[in-house]
Amino acid sequence: MVLEKINNPSDLKNLNVSELKTLAEEMRAHLLSVLSEHPGHFAPNFGTVELAIAVHTVFDTPRDKVIWDIGHQAYPHKLLTGRLDTFETLRQTDGISGFLSRDESKYDVFGAGHSSTSISAALGIAAARDVNNDDFKVIAIIGDGGLTGGMALEGLNAAGDFKKDMLVILNDNQMSISPTIGAISKHFHKLISSRGYNRLRSGAKELINFFPSDAKALAQKIEASLKPGTLFEEFGFRYFGPLDGNDLESLIPILTGIRELTGPILVHVVTKKGKGYPPAEEDPVGFYSVSGQFDLKTGKSLHPASATPKYTDVFSRTLIEMAKKDSRIIGVTAAMPGGTGLDKFSEAYSERCFDVGLAEQCAVTFAAGLATEGLKPVVAIYSTFLQRGYDQVLHDVCIQNLPVVFALDRAGLVGADGPTHHGVFDIAYLRSIPNIVSMAPKDENELQHMLKTALTYEMGPIALRYPRGTGTGVKLETESKPLPIGKAEICHEGEDLLIVALGNRVYPALEAAQTLSKTGIETTVVNARFIKPLDTTLIVDLAKQIGKIITVEDGVLMGGFGSAVLEALAAEAITDVRVTSLGVPDRFIEHGDVKTLYDRYGYDTEAIIRAGVALAVGV
């Protein structure tokens, strides 16, 4: 086994091409073995095996700095950098991260879970190198989907102007999560189908004859064989490619030759998503990330689908139903049609669904433009990704008070994806913005009503947040009805304790109330429904009556829902109450099983019970 002998990248330099090819096969087999048992990003990593081998063979890592754009293409990198023995713990509680983490390895030069950051980070590292009079190489590896993000283009623009020595490797598989869209993608397709690319592929092994006697001559020969004046050359980069990113025999010597060049360089490699595993090659979207065990031969899941619908599915189905009755409803997403459920909306109303690529800022302001013309845009986006469009929410939507609907999927803790993906900040970062209404359903049935509420609200922007995964299993009503804005719901009554719960914490609060009742503590449970405007009247009146309050939310406590309740009590000069707020503490939460994390950070059912007992007995 070649893979077992690789403790760090320096071990690669003693292997010949045949051995490196064997290593690539063994790496794919190991990826398949682990990912068929444990959830993780799948198809992107099967495409970057040879690329990771080539980069770590050619460059002197970790002295040379390799910055991967997002970690979902970097599992092969992890296998080559000392994490083979711990790879089976990938994305599990207390295991290694599915993304890049500076705390985890010195080879993870720059942490990344969101796309399009690598070029700017690499440029900063290259500039720091020059300030410090150092001489290492800097390499950024970015996917073609990542290049649709505005920050990547900003990085290219600055790098071409600063003229630092750095290499950008564009890993082109024509995919982000779904197929890459937009003008840039069409430009790449034109390059790949060009005579120059086909000529280079057919002649690559002849070009290798220049190596190693004259590496620069090799690079110049490659450059001369291709059509000049590409998009990247206009940015100030020397462009090489497209190259076959899954061909080690040509990739290693070509990168070796290019390594000797100076200035900003861009190498365009073409890889196959899911390469080496036929089911993933045939369905790279379905195999972007696997969620559980599957049969190795067929690629079919070994777990039957849950009868309980996912929140995303309920959102999608409800939006389609409402769009049948209202032609003004428009769907907007940022490269996540499948993840947000807008793929099904697009199938029904293709002319009313828009995917802007991995460009959340564009998505938000695009929706604002739609709203100015009387349409009803619904921006379906993960909570963690809307962070990237914060200024657009504030500046382009809320200041102008435009009726844009934000459907925030994956709100709260999301589990294995960890700190870059937990959707725990949206309550706090939206609550402080004037004009916006924000709400969270307790279950999938209430999600239907909240989407109806949002689409009938004409006074300005409105957001609804809902969690990842399956719903609670409640019966779905056949007709959605708008809820009164800013009105909470009393779910259970008792005189000893008040629990004000938000979203997916309502049912744990009700379970806690049942247990507390057995100990003689009778509890009122309020489903807050609205974060903003808060039902101040109800909460203040109950606070005066009961005097002991627990707030619980699946979000950060700092500036979150509990803070909103405390502010409401302070505004009414209510000081003779005791309040305990449960939620995410002031720290970034690691990846892991969601139930374990709820327990670890003290806002599951048992934590609510403990807090209730402590308040009731005056501890």
Side-chain angles (χ1 to χ4, degrees), residues 9 12-21 23-24 47-61 64-69 73 76-77 80 118-119 122 136-144 147 165-173 188 191-228 230-233 237-272 275:
L12 297 173
K13 302 182 188 304
N14 300 319
L15 303 179
N16 59 38
V17 172
S18 177
E19 290 170 319
L20 291 175
K21 287 183 177 180
L23 173 63
T48 57
V49 170
E50 287 84 4
L51 181 58
I53 291 172
V55 167
H56 282 297
T57 299
V58 170
F59 294 96
D60 181 22
T61 57
D64 290 337
K65 313 296 183 185
V66 180
I67 300 96
W68 293 81
D69 199 274
Q73 60 178 345
H77 158 82
L80 296 172
S118 60
I119 299 174
F136 55 81
K137 304 292 184 181
V138 180
I139 306 96
I141 302 175
I142 185 170
D144 58 307
L147 208 62
D165 293 345
M166 61 181 287
L167 170 62
V168 175
I169 298 177
L170 170 60
N171 171 32
D172 183 0
N173 56 32
F188 295 159
L191 285 173
I192 292 169
S193 60
S194 70
R195 291 176 59 191
Y197 173 49
N198 293 318
R199 184 166 64 248
L200 179 60
R201 289 193 67 178
S202 63
K205 291 178 175 59
E206 286 74 16
L207 290 172
I208 291 168
N209 292 329
F210 284 90
F211 176 78
S213 60
D214 193 346
K216 287 187 178 180
L218 169 64
Q220 291 165 356
K221 185 76 173 179
I222 297 167
E223 188 174 30
S225 72
L226 300 174
K227 181 176 68 176
T230 68
L231 167 70
F232 304 107
E233 289 172 335
F237 281 75
R238 291 178 70 180
Y239 171 84
F240 297 87
L243 312 176
D244 187 342
N246 295 123
D247 181 5
L248 281 169
E249 286 189 70
S250 59
L251 192 58
I252 289 175
I254 288 172
L255 286 179
T256 301
I258 289 171
R259 181 187 62 188
E260 304 304 316
L261 303 179
T262 60
I265 309 292
L266 189 138
V267 174
H268 181 181
V269 303
V270 179
T271 61
K272 187 172 185 62
K275 182 174 175 59

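Not measured: the values here are computed from a predicted model. Just the heavy atoms: all of them, side chains too, but no hydrogens, waters or symmetry mates, feed the values below.
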Spacing of Ile142 atom CD1 and Leu170 atom CG [to the nearest 0.5 Å]:
7.5 Å

Would Leu167 and Phe59 satisfy side chain to side chain contact (heavy atoms under 4.5 Å, CB included), going step by step from the backbone distance to the final call?
CA-CA 11 Å; Leu167 170 62; Phe59 294 96; 3.8 Å; yes

Minimal non-hydrogen separation, Ala140 against Ser118, with atom names:
CB-O, 3.8 Å

Rounded to the nearest 0.5 Å, how far apart are CG of Leu51 and OG1 of Thr271?
7.0 Å

Testing the basics here: between Pro9 and His56, what is the closest heavy-atom pair and its distance to 0.1 Å?
CG-ND1, 3.6 Å

Please work out which of the three classes, parallel, tilted or perpendicular, describes the rings of His77 and Trp68, given edges at 30° and 60°.
tilted

Would you call Thr48 and Ile141 a side-chain contact if the rule is heavy atoms closer than 4.5 Å?
no

Rounded to the nearest 0.5 Å, what separation is found between the CG atom of Asn14 and the CD atom of Glu19?
9.0 Å

Only one of Thr57, Leu80, Val49 clears side-chain contact (heavy atoms from CB on, under 4.5 Å) with Leu23; which?
Leu80

How long is the straight-line distance from CD1 of Ile265 back to NZ of Lys137, given to the nearest 0.5 Å?
9.5 Å

Interatomic spacing from CZ in Phe136 to CG in Asp60 - rounded to 0.5 Å
12.0 Å

Which atom names give the shortest non-hydrogen contact between Gln73 and Gly143, and what distance separates them?
NE2-N, 4.2 Å

If I take atom OG from residue Ser18 and atom CG from residue Leu248, how far apart are they, to the nearest 0.5 angstrom?
11.0 Å

Residue pair Lys272, Asn246: steps toward the side chain to side chain contact (heavy atoms under 4.5 Å, CB included) verdict
CA-CA 8 Å; Lys272 187 172 185 62; Asn246 295 123; 4.0 Å; yes

Side chain to side chain contact (heavy atoms under 4.5 Å, CB included) between Phe240 and Ile254, intermediate numbers included
CA-CA 10 Å; Phe240 297 87; Ile254 288 172; 6.0 Å; no

Given the rule in the side chain to side chain contact (heavy atoms under 4.5 Å, CB included) test, do Leu251 and Asp244 qualify, once you have shown the distances and angles that lead to the verdict?
CA-CA 7 Å; Leu251 192 58; Asp244 187 342; over 6 Å; no

So, for Asp165 and Gly263, which heavy atoms are closest and what is the spacing to 0.1 Å?
OD1-N, 2.6 Å

For Ile119 and Met166 the tightest heavy-atom approach is O-CE, 3.9 Å

On a heavy-atom basis, the closest approach of Lys65 and Ile67 is O-CD1, 3.8 Å

